[in-house]
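Note that this is a predicted model, so its numbers are computed, not measured. Hydrogens, waters and symmetry mates are skipped; everything else that's a heavy atom, side chains included, is used. Naming: A, B, ... by sequence-line order, numbering from 1 per chain.
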Amino acid sequence: MTFCFDMERRRLLTTAAALGAGLAAGFLPLAARAQISSIAAPQPDDAESDRIAAEFLQGAVPLPQGLALDLPALGDNPAAVPVRVHLTEPVDEALFCQELIVLAQRNPRPLICRFRFTPLTGAADVALRVRLMQSMGLRALARMSDGRFLEARADITVAAGGCGM
Amino acid sequence: MSRPPRIWISTETPARGEIVRVRAQIVHPMETGFRTLADGLALPMDIVTRFRAFLDDDLLLEWLPETAVSQNPYIEFTFAALRSGALRMVWTDASGDFAEASKTLTLAAA
Amino acid sequence: MIRRRSLLTAAPAVALGMALTGQRAVAAPAALTSDSTLLPRGGKSPRIVICGGGWGGLSSARHLRDQLPDAEIIVLERNPFFWSCPMSNKWLIDVVDTAFLTHDMMAPAIKYGYHLVQCEVTGIERDKKIVRTSKGNVDYDFLILAGGIRNAYDVWFGDDVAAAEYTRMHFPSAYIPSAEHLALKNMMRNFKGGTIVMTLPPPPHRCPPSPYERACMLAWHFKVNRIPAKILILDPKPGVAPIGAGYRAAFDELYPDIITHVPNARVKELDPWNKRIMTEAGDFDFDEAILMPTHQAAEMVYYADLIGTDDKGNSTGWADMDPRFYHARSDDSVYIVGDSMGAISPHFGHYPKSAHVANYIARIVARNIGQRVRGQEVVAELPDNLCYMLVNGDPLEAISVEFTYELGPDGLVHQTQIDIDVRTPDLLDEDFVWANGMFNDFLL
């Protein structure tokens, strides 16, 4: 049953997961995990991030207000840094955030994610966990239904290593 | 993926217009495609590509993660409760829609 | 084989009927001397002595029996019954009862065929391969030190034993199975209002997420019983960790008027008589307290002279051990299992000092000792870790953290930590699956 004794760790993990005890279900088995390296390289500058931002802005100049980007002072686990982005102005069915992007400027792929909202959402307040390759600046850009773009920026220092990228 | 999504909702009986907060987390490796095995073979990219939240069939929010989103993706969002309905959440990766969860939302009597 | 030898020893007396009739005068118990023997050696089979009958020790004994059917396995434990620290926070608010935490240790000893002796380890002489105990000496071929932690009150009080003892008696930390858990529950139930201070040890310490769970359980009790209590968590770390986001959400949303987390609050000075604590984040008066001092390896690791030193020659407070094979760096006949273990990797420091890791390392060490006795290649293995923490009493909602380990290209162990911060009832269900699975493994 659960904890069979001479099992390989891999089987143990699988069994535990089947019982709902391990969260590693579907992850690469240990035998293969044992020697993993990464070819991920940080962006040398903000160029790629700026390119993605420009594509999103389509020539518009974002307002440095109305949007908040909350980060912890120190990302003690660079594999899961909490990030919250939210509008600081009220929204309604007529005026709302249509689309939001979040950028990690020096990550191998700077675009962290994209959100799309609808008139039904009635809010634009999201939080997630991100992997950061190193200490860097983050950027959030929002496209509003009235054609305005809002921007928020923040810097974060992360503990080195273990990013899992 | 056999593990169920973890869902938390601030209230299942909100007042009309009340902001409801939702937290959802799913087990997924979020393999970036950057990692290689000792023999140089790259581990193929395997990430959650889309998360959608619906109230019945109406879209509330769409989230499109990329490789920087952490393993076992966590998402927290809010919406204004304007009517009762089923809050439905769907996760998608390269294999298609692989997980779904729902909570019933019933507006409190005014 | 233990069973056969025991029978042989007992046979002559039984055959003559003397032991039963009491006709022959039996020698009176003699006072212990430094030469007293606890258990004489029988045959040639290897003898493995396990100091500590907690999660690591009993798991080691049980799995060694699978590995080495003929070995003589002896567990030395000071407590008369097994008390599970895991799940004991939930016991504070009666999510589980006392019977869930306590277990008969004789049954697994008989089932798996090992000696269980209730005694205190008082010394270890590695040159003679002898463990000294309150019931005599016992020699070993392999020794497993599974003593858990010691409460290092000396870090606060130096050699002021009076202050340390007053603190231990009045503001027990309840992180080692003892009378302290009962005292803590009574303190919570009798508390009429005011401020409770809870100090967290600096890392590494036993069960890192559990002090926050304990704060939630106390806060839940005060909330439902409408007791005007404030709980100050004095944390030497800069933030709540692990599962920081899940805990912060619980503090803010469930117990906003009760729990205050104070970061960077390393204890500078403590006056237990006047109920005052001075920290780097300010000074606080308290009505009640759970004062957890620094944790270090169990005393027995000190007795064995196996405590590590850092680059500057200072004591690490933890065992100096091989990070891949779990035996002492200077003595490969001595293994360290569980919370006494020293640092594993410069990437993350110690394995989490958890029951799950103790059980896991115990299985690995049992296999490794089995391989050595059989003359096979010793295979290095890595554990994993899993913790579930209850944060809400109604509905019963828990959060969790998982750690996985892999060997990196640098030859060092790497850690991946996954926090599940969304509190849900099913995580508590999983916790019970985990706990029952563990109890089934080595206690039932």
Legend entry - Test side chain to side chain donor-acceptor pair (under 3.5 Å) applied to B/S70 and A/R131, step by step: CA-CA 5 Å; B/S70 301; A/R131 299 189 266 219; 5.4 Å; no

Legend entry - Region of B/L82 in contact with chain A, defined by heavy-atom distances below 4.5 Å: side chain

Legend entry - Spacing of B/T78 atom OG1 and A/F117 atom CZ [to the nearest 0.5 Å]: 8.0 Å

Inset, instruction - Report the option among A/D125, A/V91, A/V81 that has the most heavy-atom pairs separated by less than 4.5 Å from atoms of chain B. - result: A/D125

Inset, instruction - Please step through side-chain contact (heavy atoms from CB on, under 4.5 Å) for the pair A/R116 and B/L64, ending with a clear verdict. - result: CA-CA 8 Å; A/R116 294 201 181 101; B/L64 305 168; 3.4 Å; yes

Inset, instruction - Evaluate the criterion side-chain contact (heavy atoms from CB on, under 4.5 Å) for residue pair B/F34 and A/R109; output intermediate values, then yes/no. - result: CA-CA 11 Å; B/F34 294 134; A/R109 291 200 190 97; 3.6 Å; yes

Inset, instruction - Quick one: pull up OG1 in A/T118 and CZ in B/F79 and give me the separation to the nearest 0.5 Å. - result: 11.0 Å

Legend entry - Interface residue of largest heavy-atom contact number with chain B, from A/P119, A/A124, A/C113, A/G122, under 4.5 Å: A/C113

Legend entry - Region of A/Q98 in contact with chain B, defined by heavy-atom distances below 4.5 Å: neither

Inset, instruction - Among the options A/L111, A/I101, A/V126, A/T121, pick out the one with the most heavy-atom pairs lying under 4.5 Å from chain B. - result: A/T121

Inset, instruction - For the pair B/W63 and A/L128, evaluate side-chain contact (heavy atoms from CB on, under 4.5 Å) and give the outcome as yes or no after the intermediate values. - result: CA-CA 11 Å; B/W63 178 38; A/L128 64 149; 4.0 Å; yes

Legend entry - Closest contact, heavy atoms only, A/L120 versus B/D58: CD2-CB, 3.4 Å

Legend entry - Distance in Å, A/R129 CZ paired with B/N72 CG, rounded so as to fall on 0.5 Å steps: 10.5 Å

Inset, instruction - Check each atom of A/A80 against the heavy atoms of chain B and say whether the ones under 4.5 Å are side chain, backbone, both or neither. - result: both

Legend entry - Part of B/R21 lying under 4.5 Å from any heavy atom of chain A: side chain

Inset, instruction - Find the distance between CG (A/N107) and OG1 (B/T67) and round it off to the nearest 0.5 Å. - result: 7.0 Å

Legend entry - Proximity breakdown for B/I19 and chain A, heavy-atom pairs closer than 4.5 Å: side chain

